[in-house]
Amino acid sequence: MFYRQKHLLAIEGLTPPEIGHLLELADSYVLLNRSGKTQRDLLRGRTLINLFFEDSTRTRTSFELAGKRLGADVINMSVSTSSVNKGETLLDTAATLNAMQCDLLVVRHDQSGAPNLLARKVDASVINAGDGTHEHPTQALLDALTIKRRKGRIEGLTVAICGDVLHSRVARSNIHLLTTLGNRVRVVGPPTLLPAGIADLGVSVFHDMKSGLEGADIVMMLRLQKERMTRGLVPSAREYFRFWGLDAAKLAYANDDALIMHPGPMNRGVEIDSAVADHPTRSLIKEQVEMGVAVRMAVLDTLSRGDGRNDV
Ligand code: CP
């Protein structure tokens, strides 16, 4: 099986074999990471630059760890202290980094499409680490790996994605990945937080948690993204939690063995109650973080081969 692309900009458009290749390789990196070993020869002499125009804890740190475990030179560019603050444009910033012979450019930006634009202008392989409300492809891959390892498969499952779908790039990437692999995907939330035309992506739409969660194998909660709201879309955090926050009572609507996911960062008491977020057997949230490192190692490994013939 092959992954034939130079960049990873989106899940949309990837084929099942391409996704399968990345998941299979990532699975092998889980074992490597758990053994405490590294593979520092793989990216020796390669440079990875993390270029984050938005805040991040998990994604930026795990790309840094992934790069270092594979032997790359990793630079974390602090946008807040860079010449972006003197008015340098995104493209000029990228051209500057490109001139330093960067091999892998990991980009997070608040504008949808920013990584695609950079990919047309630089020599490096560009990895989308989250762009506006568009996509967050490595998050969907790590979510899929987490599900696959726990459920033993990543097809034929019913996955309920709940909450602020409107502003969620995580939701979009997960919808593309999960439907591509043959899962039943539901989106569950108030009409104000579900994008118009979302059903065209092949999902079922629910406007209450009871019917949305009935029969679900996976309950994936989303953060309420107040920073992207330009007008009041929810009455109050308290009201939101009452109707849409996942607690033990709402989780009981789902299958008895349904698993709980959240990409983080969580707003406890807003979209999720601590008792379910920290559930010792049913919450996958910490495992998602662990899988993030392995998935990013698989992506860096695959793209760094750069010859369009990435055998598993
Ligand atoms: N899930 C996720 O993207 O988290 P960060 O914003 O902390 O990177």
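Bear in mind that the values here come from a model prediction, so they are computed numbers and not experimental data. As the structure lists them, so they are numbered: ligands from 1, and atoms in each ligand from 1.
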Ring pair (Phe, Tyr, Trp, His ring centres under 6.0 Å) pairs touching residues 108-132, sequence neighbours excluded, are Phe53-His109
Can you confirm if the NZ or CZ of Arg108 lies within 45° of the ring axis of Phe52 and under 6.0 Å from the centre of its six-membered ring?
no
Write down, by chain and number, every protein residue that brings a non-hydrogen atom to less than 4.0 Å from an atom of ligand 1.
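Under the 4.0 Å cut-off, ligand 1 touches Ser56, Thr57, Arg58, Thr59, Arg108, His136, Gln139, Pro263, Gly264.
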In this structure, are over 12 heavy atoms from other groups packed under 6.0 Å from Asp55 atom CG?
no
Identified side-chain contact (heavy atoms from CB on, under 4.5 Å) partner of Ile285 from the options Met221, His279, Met266
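Result for side-chain contact (heavy atoms from CB on, under 4.5 Å) with Ile285: Met266.
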Could you pull out all residues at least two apart from Ser236 that satisfy side-chain contact (heavy atoms from CB on, under 4.5 Å)?
Arg238, Glu239
By side-chain contact (heavy atoms from CB on, under 4.5 Å) - contacts of His207 (at least two apart):
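side-chain contact (heavy atoms from CB on, under 4.5 Å) list for His207, sorted by chain: Pro191, Leu194, Val205.
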